[in-house]
Amino acid sequence: FRTFTEVLGWCGKAVDSLADRLLWREFRDDNFDLNTIYCMNNADVLFDSAVLSALISSCCFVYISQAENGFPRLQVIDGGSVSKITDIKHATLEAVRNPIGTQALSKLVHEGDKVALIVSDITRTWSRTKDYLPAVVEELNNSGIPDADIFVIIATGTHRDNDDEEKRLILGDALFARLQVFDHDAYGSEANVFLGTTSRGTPVYIDKRAVEADKVILTGGITTHLFAGFGGGRKSVMPGLAGVETIKHNHLLALTDEVGGGVNQETYLTKIEGNRVSEDMCEVCAFLNPCFLVNSIMDAEGDFVRIVAGHWYDAWYAGTQEVMKLQGVEAKAKADVVIGSSGGYPMDINLYQGMKSYAPAQMAMQPNGIFIALLDCPDIYEPPSFFDCFRFNDELSMEKELRAGFTIPFYIAFYMYCMSKQFTVIMVTRPENFDAVRRTGQIPAATLAEAWTLAQKKLMAQGKAETYTVNIMPYGVNTVPMFK
C-alpha cells in the first residue's frame, strides 16, 4: 500500500513481532531483590506479556503477591485493566449515593412506595445486571422499601417472554427467589396505558405496571447502537416497556420520510443530538419519567469499567461519554479505502455478528469509498431472521417490506444492502460463502490480495491510483473513529 492515512487500533501481529525483538536485562537500583523474584516467575513469558501490555495500553503494571507455596508471585496488569471495577457492590453503592443530576437514591424513595425495577432481557446479559442489582435492592431495603414493595419488569420490547431459567440468569438466584418478576407484553392492549403523543407523532403506550408504580428505576448497560446512537438509558422504556405501535412508529424514524429514500443519514452510531430516533425515545421516556437510573459500562472483555447512576437522562448521557473514552479512537481523516475486521471469532461467526464492524468502517470512509471486510463466517446463513431478508432483487422492494414489518434484524440487513450500493464492499471469506455474499450486494474474495486487486481497479477508475489513502481497523466492532 502506497499511502496509509492511519491504523485505527493495533495490529496484533505487528505488536507480537515488536515484542519478540525486545529483551529484558534487569531491574536497575534493585533494592527489593526483584531480579531474583522475576527469574523465579517464568521470566520469558512474563516479560512477553508485560511488553505486549505496555505496547497496547501505553503502560503496564507488574503486581507482586504471595503464592500458595509462600513464594512471591508476579502478575501482569495491563493499562486498560487498571480502570476495571473489582468491587462491584462498592462501585454500585458509590454511584447510587453520589448520583449524577439528582439526589441520592435513598432520598428519592419513601416508606410505602411501590418500586418497579426495570431490567434488560436475556439478549442483554452482557450488561451483567445480576452482579450490581443486589446492591441497588439493598439500598432500597435500607431506605425503608421491603422486598414485598419491589417488583421487577423485564423490558422485552417486542421480544418473547423469558423462561424461569433465563430470569435466574438475568437476576441471579437470590433476587429471582425474593422478588416478583414480570415480562413486559408489547402486544396486549390491556397491558399498556396510553400516555400521549410525542412531537414526532409517536403514540406513547407504556407498560401498565410501570405507570402505576410509585417509583421506577431503570437498569441496563450502555454501548453504541446502530441507529439510536447509544443503547441503555431511555431504551429501557422505549422499546423496553413500550407497546408495539409505539415501537414501530419510533423505529421507522430510522428510515427517511419518503419511501425510496432508504436509511436516514442522521440516525447512526454514536449520534445523539439531531438523531430523531434517540430524541423520540427520550420523549417517550419522559412521559414515564423514571425517578432513577443505574447503568453499567463494560469493556471488550465483558468486565465492568464504570457504573453510572442518577437522573435517567443526565446519568445515561454521562455514560455515553465514558463509552466514547473506551471505544473512541482519534483518527486523522476519512480514507478512500478501509480494511477492517470484526476481531475474529466469535465476532465473525456469522454475517449478523460480523457486520457490526461495518458502521464504524463507514464512519472512517470517504464517500464512494471502498470497504474490504475480512470475515470468516462459518455460519453465514444464521440467524434466518436476518439472512432471509436478502431475498429481494432491488432496494425499493426491500425497503417497502421493511416499512411494513420493521424488525431489528431486517433493518440491519437493509442497512448492509444500502451500504453495498453506496460504497464498494468487498468481503474476504471462505469460497463456500460466495453465493451468500453476492445476495447481500457485496463482492466476494478469497484472499486479501485478491480483494486488494479489485480495490486497485476501482481506485484507478476513480483516478486515485497514486493518491489513495487507507484506514485499517483490525477490531472494528470495538472501535469508533473520531475526527478532529
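These numbers were taken from a predicted model, which means no experiment stands behind them.
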Distance, nearest 0.5 Å, that separates NZ of Lys356 from CE of Met347: 5.0 Å

Charged N-O contact under 4.0 Å between Arg276 and Glu279: no

Pair Asn250-Thr202, side-chain hydrogen bond (donor to acceptor under 3.5 Å, both in side chains): steps then yes or no: CA-CA 6 Å; Asn250 171 267; Thr202 300; 5.3 Å; no

Distance (rounded to the nearest 0.5 Å) between Ile85 CD1 and Arg306 CZ: 8.0 Å

pair Leu269-Pro360: side-chain heavy atoms closer than 4.5 Å: yes

Partner of Val237 under side-chain contact (heavy atoms from CB on, under 4.5 Å), chosen from Thr246, Ile118, Val204, Leu218: Leu218

Ring centroid separation Phe227 to His225 under 6.0 Å: yes

Throw together a table of side-chain donor-acceptor distances under 3.5 angstrom for residues 314-321, partners on residues two or more places apart or in other chains.
{"residue": "Trp316", "atom": "NE1", "partner": "Gly231", "partner atom": "O", "Å": "2.9"}
{"residue": "Thr320", "atom": "OG1", "partner": "Tyr317", "partner atom": "O", "Å": "2.5"}

From Arg234 atom CZ to Leu293 atom CG, the distance as rounded to the nearest 0.5 Å: 11.0 Å

Backbone N/O of Asp336 and side chain of Thr469: donor-acceptor pair under 3.5 Å: yes

Donor-acceptor contact below 3.5 Å, side chain Arg128 vs main chain Gly302: yes

Donor-acceptor contact present, side-chain Glu401 to main-chain Met398, <3.5 Å: no

Distance, nearest 0.5 Å, that separates NZ of Lys167 from CZ of Phe176: 6.5 Å

Lys208 atom NZ, neighbour heavy-atom count above 12 within 6.0 Å: no

Heavy-atom pair with the smallest gap, counting every atom of Lys84 and Asp303: NZ-OD2, 3.1 Å

Criterion side-chain hydrogen bond (donor to acceptor under 3.5 Å, both in side chains) on Ser342 and Gln353, from CA distance to verdict: CA-CA 8 Å; Ser342 62; Gln353 293 298 327; over 6 Å; no

Heavy-atom closest contact (Arg209 atom, Phe151 atom, distance): O-CZ, 3.7 Å

Sub-4.5 Å side-chain heavy-atom contact between Phe287 and Val193: no

Shortest non-hydrogen separation from Cys377 to Leu351 and the atoms involved: SG-N, 3.7 Å

Contact check, side chains of Ile247 and Met238, non-hydrogen atoms, under 4.5 Å: yes

Asp185 side chain to Ala191 backbone, donor-acceptor under 3.5 Å: no

Pairwise side-chain contact, Thr223 with Trp126, heavy-atom cut-off 4.5 Å (strictly under): yes

Any donor-acceptor N/O pair, Ser341 side chain to Gly343 backbone, under 3.5 Å: yes

Check: Thr267 and Lys271 side chains under 4.5 Å, non-hydrogen atoms: no

Evaluation steps, side chain to side chain contact (heavy atoms under 4.5 Å, CB included), between Val181 and Leu175: CA-CA 9 Å; Val181 184; Leu175 288 187; over 6 Å; no

Ala445 versus Ile426, closest heavy-atom pair with distance: CB-CG2, 4.0 Å

Under 3.5 Å donor-acceptor, Asp394 side chain and Ser397 backbone: yes

Crowding at CG, Asp161 (>12 non-hydrogen neighbours, <6.0 Å): yes

Distance in Å, Leu117 CG paired with Ile217 CD1, rounded so as to fall on 0.5 Å steps: 5.5 Å

Ser278 side-chain N/O to Ile272 backbone N/O, donor-acceptor pair under 3.5 Å: no

Check: Asp348 side chain, Gly354 main-chain N or O, donor-acceptor pair, under 3.5 Å: no

Glu399 side chain vs Gly260 backbone, donor-acceptor pair below 3.5 Å: yes

Non-hydrogen side-chain atoms of Ser236 and Leu241 separated by less than 4.5 Å: no

Closest contact, heavy atoms only, Ser385 versus Pro409: O-CB, 3.6 Å

Heavy-atom donor-acceptor pair, His184 side chain to Ala242 backbone, under 3.5 Å: yes

Validation row: Phe371, Met473 side chains within 4.5 angstrom (heavy atoms): no

Side chain proximity check, Met365 to Met419, heavy atoms < 4.5 angstrom: yes

Worked check of side chain to side chain contact (heavy atoms under 4.5 Å, CB included) between Met363 and Thr270: CA-CA 10 Å; Met363 295 172 71; Thr270 75; 3.8 Å; yes

Phe387-Tyr352 aromatic ring centre distance below 6.0 Å: no

Nearest heavy atoms of Ile222 and Val323, plus distance in Å: O-CG2, 3.6 Å

Whether over 12 other heavy atoms sit under 6.0 Å from Glu432 CD: yes

Worked check of side chain to side chain contact (heavy atoms under 4.5 Å, CB included) between Tyr358 and Leu375: CA-CA 11 Å; Tyr358 282 48; Leu375 303 172; 3.6 Å; yes

Value rounded to 0.5 Å, distance of CE in Met355 from CG in Asn350: 11.5 Å

Pairing residues for Phe304 by the ring pair (Phe, Tyr, Trp, His ring centres under 6.0 Å) criterion, not counting sequence neighbours: none

Trace of the side chain to side chain contact (heavy atoms under 4.5 Å, CB included) decision for Val259 with Leu396: CA-CA 8 Å; Val259 176; Leu396 181 59; 4.1 Å; yes

side-chain hydrogen bond (donor to acceptor under 3.5 Å, both in side chains) between Asn162 and Asp121, worked out: CA-CA 7 Å; Asn162 299 264; Asp121 71 0; 5.0 Å; no

